[in-house]
Amino acid sequence: MTILVTGGAGFIGSNFVFLLLEEHPDWRVVCVDALTYAANIHTLNEAFRSPNFVFYKEDIRNREGVCSIFEKERPDVVVNFAAESHVDRSIENPAVFLETNIIGTAVLMDACRKYGIKRFHQVGTDEVYGDLPLDRPDLFFYEDTPIHTSSPYSTSKASADLLALAYYRTYGLPVTISRCSNNYGPYQFPEKLIPLMINNALQDKALPVYGKGLNVRDWLYVKDHCLGILAVLDKGGVGEVYNLGGHNEKANIEIVKIILKELGKPESLITFVTDRKGHDQRYAIDPSKAMKELGWAPTTAFADGIKLTIQWYKDHLDWMRECTSGDYAKYYEEMYGNR
Ligand code: NAD
Ligand code: TYD
């Protein structure tokens, strides 16, 4: 069995690579990643020690490059994590989101059609459903909730999902899609809420909370997401969509306060800044289909997962320094300087 994982040098993709090497030591894992700003090749240090792991620095938009990897490796299964993934960056520069998230996905699926595969799995997001109002805690996202996107990021991800379903219907490509809520855990790039706040708090820097901090996200520990994808590969039906989430909704301000408390830092570090444009109010997944049909359920409670995550960042300050060297200071100044 050869599994090709795109975006494996990023946050969730790398955690998925580690899980594969642990759970399926007999599988060959082929990782394809363009190594954008969001990747850190050192994240994969441990994987490089495995004889079953091979890495290609390649852009999924490059048809020729992708096809030559397929020609050589002949994957049985492809799992597509590669994406531009940050909403704030998509607001500043949508074009690359359309190119990687839509065109890149099409290139991969064309290669799957050309060389033949058993499964193409598209890693999707609950953001394709848009948002829910804060005053309706009874509402959730189901797999048949209409697509209703807000940001260029979520729109590009929704387009990729629709394209995947079109390749299933039109060409019979054996596609599955998972749509997950917000992930947290080791190796997340410090532009996203949780690692950014941990990084700033560790340096006694201001914690920039958008608006009033009341927007709600539904948090899932990254390993549980990866186990969910394995369950879809194992038991999921082709042409099907599965929502992955753990009913763990929290307002952003709650998350920030938990981080400060855990690190023993004062709440005076919290700074309310100008809100994100088009800011989605609330995300909340109903994961019943995945639970019933795949027997999947999250195993890490938020109270434990956030402790593990904070400890991981404290233990990996060098990794964080690598991520925040180079262009990060410029990004931070542009995004937060005059906010
Ligand atoms: P990430 O930004 O940490 O990693 C993305 C990886 O993709 C990086 O290693 C980057 O180098 C690579 N990449 C980007 N453009 C590429 C290209 N053109 N060709 C090849 N590689 C490229 O993202 P993440 O948080 O790990 O997200 C992974 C996937 O999961 C994405 O598709 C995202 O939409 C989805 N997702 C993320 C979350 C979340 O909370 N982080 C939740 C639901 C779904
Ligand atoms: P983020 O981690 O970017 O994920 P997403 O927007 O895809 O859900 O943001 C999570 C929430 O945290 C979102 O409501 C925006 C908010 N946020 C802040 O308040 N301050 C920040 O500096 C960042 C990065 C996010």
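Counting starts at 1 for both ligands and their atoms, following the listed order.
Sorted by first and then second residue, the ring-ring contact (aromatic ring centres under 6.0 Å, His included) pairs involving residues 146-176 (not counting sequence neighbours) are Tyr167-Tyr171.
Two rings, from Tyr331 and Phe189, have their centers 6.0 Å or more apart.
Tyr283 and Phe141 have tilted rings, their planes meeting at an angle from 30° to 60° on a 0 to 90° scale. Classified by interplanar angle (parallel below 30°, tilted 30° to 60°, perpendicular above 60°), the ring pair Tyr328/Tyr332 is tilted.
In summary, Arg74 and Glu71 engage in a salt bridge, as defined by a charged side-chain N under 4.0 Å from a carboxylate O.
The two residues Leu35 and Ala9 make their nearest non-hydrogen contact at CD2-CB, 3.7 Å.
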Mind listing the N or O contacts between ligand 1 and protein, cut-off under 3.5 Å?
{"residue": "ligand 1", "atom": "2 (O)", "partner": "Ser85", "partner atom": "OG", "Å": "2.6"}
{"residue": "ligand 1", "atom": "3 (O)", "partner": "Phe11", "partner atom": "N", "Å": "3.1"}
{"residue": "ligand 1", "atom": "9 (O)", "partner": "Gly10", "partner atom": "N", "Å": "2.9"}
{"residue": "ligand 1", "atom": "9 (O)", "partner": "Asp33", "partner atom": "OD1", "Å": "3.3"}
{"residue": "ligand 1", "atom": "9 (O)", "partner": "Asp33", "partner atom": "OD2", "Å": "2.6"}
{"residue": "ligand 1", "atom": "11 (O)", "partner": "Asp33", "partner atom": "OD1", "Å": "2.5"}
{"residue": "ligand 1", "atom": "11 (O)", "partner": "Thr36", "partner atom": "N", "Å": "3.0"}
{"residue": "ligand 1", "atom": "11 (O)", "partner": "Thr36", "partner atom": "OG1", "Å": "3.1"}
{"residue": "ligand 1", "atom": "18 (N)", "partner": "Asp59", "partner atom": "OD1", "Å": "2.9"}
{"residue": "ligand 1", "atom": "18 (N)", "partner": "Thr100", "partner atom": "OG1", "Å": "3.1"}
{"residue": "ligand 1", "atom": "19 (N)", "partner": "Ile60", "partner atom": "N", "Å": "2.9"}
{"residue": "ligand 1", "atom": "21 (N)", "partner": "Ala34", "partner atom": "N", "Å": "3.1"}
{"residue": "ligand 1", "atom": "23 (O)", "partner": "Ser85", "partner atom": "OG", "Å": "3.2"}
{"residue": "ligand 1", "atom": "26 (O)", "partner": "Phe11", "partner atom": "N", "Å": "3.3"}
{"residue": "ligand 1", "atom": "26 (O)", "partner": "Ile12", "partner atom": "N", "Å": "2.7"}
{"residue": "ligand 1", "atom": "32 (O)", "partner": "Phe81", "partner atom": "O", "Å": "3.2"}
{"residue": "ligand 1", "atom": "32 (O)", "partner": "Lys157", "partner atom": "NZ", "Å": "2.7"}
{"residue": "ligand 1", "atom": "34 (O)", "partner": "Tyr153", "partner atom": "OH", "Å": "2.6"}
{"residue": "ligand 1", "atom": "34 (O)", "partner": "Lys157", "partner atom": "NZ", "Å": "3.1"}
{"residue": "ligand 1", "atom": "40 (O)", "partner": "Asn183", "partner atom": "N", "Å": "2.8"}

Between ligand 2 and the protein, which N/O pairs fall short of 3.5 Å?
{"residue": "ligand 2", "atom": "2 (O)", "partner": "Leu193", "partner atom": "N", "Å": "2.9"}
{"residue": "ligand 2", "atom": "3 (O)", "partner": "Arg276", "partner atom": "NH2", "Å": "3.0"}
{"residue": "ligand 2", "atom": "4 (O)", "partner": "Asn182", "partner atom": "ND2", "Å": "3.4"}
{"residue": "ligand 2", "atom": "6 (O)", "partner": "Arg276", "partner atom": "NH1", "Å": "2.4"}
{"residue": "ligand 2", "atom": "6 (O)", "partner": "Arg276", "partner atom": "NH2", "Å": "3.3"}
{"residue": "ligand 2", "atom": "7 (O)", "partner": "Glu127", "partner atom": "OE2", "Å": "2.6"}
{"residue": "ligand 2", "atom": "8 (O)", "partner": "Asn182", "partner atom": "ND2", "Å": "2.9"}
{"residue": "ligand 2", "atom": "8 (O)", "partner": "Arg217", "partner atom": "NE", "Å": "2.7"}
{"residue": "ligand 2", "atom": "12 (O)", "partner": "Asn252", "partner atom": "ND2", "Å": "3.4"}
{"residue": "ligand 2", "atom": "14 (O)", "partner": "Arg217", "partner atom": "NH2", "Å": "3.2"}
{"residue": "ligand 2", "atom": "14 (O)", "partner": "Asn252", "partner atom": "ND2", "Å": "2.8"}
{"residue": "ligand 2", "atom": "14 (O)", "partner": "His279", "partner atom": "NE2", "Å": "2.7"}
{"residue": "ligand 2", "atom": "19 (O)", "partner": "Tyr210", "partner atom": "N", "Å": "2.8"}
{"residue": "ligand 2", "atom": "20 (N)", "partner": "Pro208", "partner atom": "O", "Å": "2.8"}
{"residue": "ligand 2", "atom": "22 (O)", "partner": "Pro208", "partner atom": "O", "Å": "3.3"}
{"residue": "ligand 2", "atom": "22 (O)", "partner": "Tyr336", "partner atom": "OH", "Å": "2.7"}

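Residue Val5 is not grouped with residue Val78 when hydrophobic side chains (ILVMFWY) are merged at heavy-atom distances under 4.5 angstrom, including chains of intermediate members.
In terms of the side-chain hydrogen bond (donor to acceptor under 3.5 Å, both in side chains) criterion, Thr100 has no residue partners (sequence neighbours excluded).
Using modelled atom types, one finds a donor on one side chain and an acceptor on the other under 3.5 Å when comparing Thr155 with Thr149.
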